[in-house]
Amino acid sequence: MSFQAYLDKIEEKTGRTPRELVEVAKGRGYDAADVKAGVIIDWLKEDYDLGRGHAMALIHVIKNGPEISDKHVGRKGPHGDPTNVLWLDGKATNPLNA
């Protein structure tokens, strides 16, 4: 599954855009360098019933912003993303889905 596909599924499951969840995480201080992934995984599981894979995709965005490595761009198969910047404002508004 691509990074963007994970984020889109998170939105479907939670009813919140990735950007909304990132803002909640920042409000809790989860974007701090010393916060371990396990803390965020536990929060996302408890509050949103998200599994580890989905949580890890969101953790990347919380900690690093929406840019991903170019190694993920243009790859064939389910793990490739069309761009190195993830869309955080909801899949219905993503211009790449038009």
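Predicted, not measured: the structure shown is a model, and the values here were computed from it.
By the criterion of side-chain heavy atoms lying less than 4.5 angstrom apart, applied directly or through intervening Ile, Leu, Val, Met, Phe, Trp or Tyr residues, Tyr6 is not grouped with Tyr30; the two fall into different hydrophobic clusters. Residues Ile59 and Ile10 share a single hydrophobic cluster, defined by chaining ILVMFWY side chains whose heavy atoms lie under 4.5 Å apart. A continuous path of Ile, Leu, Val, Met, Phe, Trp and Tyr side chains, each step under 4.5 Å between heavy atoms, connects Leu58 with Ile68, placing both in one hydrophobic cluster.
Between Lys36 and Asp42 there is no salt bridge, since no side-chain N of the basic residue sits under 4.0 Å from a carboxylate O of the acidic one. One finds a salt bridge joining Arg19 and Asp89 here, because a Lys/Arg side-chain nitrogen approaches an Asp/Glu carboxylate oxygen to under 4.0 Å.
Contact record, Lys63 with Val35: NZ-O, 2.8 Å, taken as the closest heavy-atom pair. Residues Leu96 and Pro82 approach most closely at CD1-CG, 3.8 Å, considering heavy atoms. Closest approach of Pro18 and Leu88 over heavy atoms only: CD-O, 3.4 Å.
In this structure, the side chain of Asp81 does not engage the main chain of Ser2 through any donor-acceptor pair within 3.5 Å. Between the Lys26 side chain and the Ala32 main chain, no donor and acceptor come within less than 3.5 Å of each other. A distance-only check finds a donor-acceptor pair linking the side chain of Glu20 to the backbone of Thr17 [under 3.5 Å]. A donor-acceptor pair under 3.5 Å is absent between the side-chain atoms of Trp43 and the main chain of Glu46, judged by distance alone.
The side-chain heavy atoms of Tyr48 and Lys13, taken from C-beta on, include no pair separated by under 4.5 Å. Ile41 has its side chain within reach of Met56: a pair of non-hydrogen atoms, C-beta onward, lies under 4.5 Å apart. Counting heavy atoms from C-beta outward, Trp87 and Thr93 have side chains that approach closer than 4.5 Å. Asn94 has its side chain within reach of Gln4: a pair of non-hydrogen atoms, C-beta onward, lies under 4.5 Å apart. Proximity of Arg16 to Glu11: side-chain heavy atoms (C-beta onward) are nowhere separated by under 4.5 Å.
Within 6.0 Å of NZ on Lys9 lie no more than 12 heavy atoms contributed by other residues, nucleotides or ligands.
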> Yes or no on side-chain contact (heavy atoms from CB on, under 4.5 Å) for Leu7 and His54, after CA distance, side-chain angles and deciding distance?
Replying inline: CA-CA 7 Å; Leu7 297 180; His54 291 87; over 6 Å; no
> Yes or no on salt bridge (charged side-chain N to carboxylate O under 4.0 Å, His left out) for Arg28 and Asp47, after CA distance, side-chain angles and deciding distance?
Replying inline: CA-CA 13 Å; Arg28 291 171 165 251; Asp47 287 8; 3.3 Å; yes
>> Determine whether Val73 and Thr83 satisfy the following criterion, side-chain contact (heavy atoms from CB on, under 4.5 Å), listing intermediate values before the conclusion.
In response: CA-CA 6 Å; Val73 178; Thr83 178; 5.6 Å; no
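Note that the CG atom of Leu21 and the CD1 atom of Ile62 stand 7.5 Å from one another [nearest 0.5 Å]. For the atom pair Glu67 CD and His60 NE2, the distance stands at 8.5 Å (nearest 0.5 Å). Lys45 contributes atom NZ, which lies 8.0 Å from atom CG of Leu50 (distance to the nearest 0.5 angstrom).
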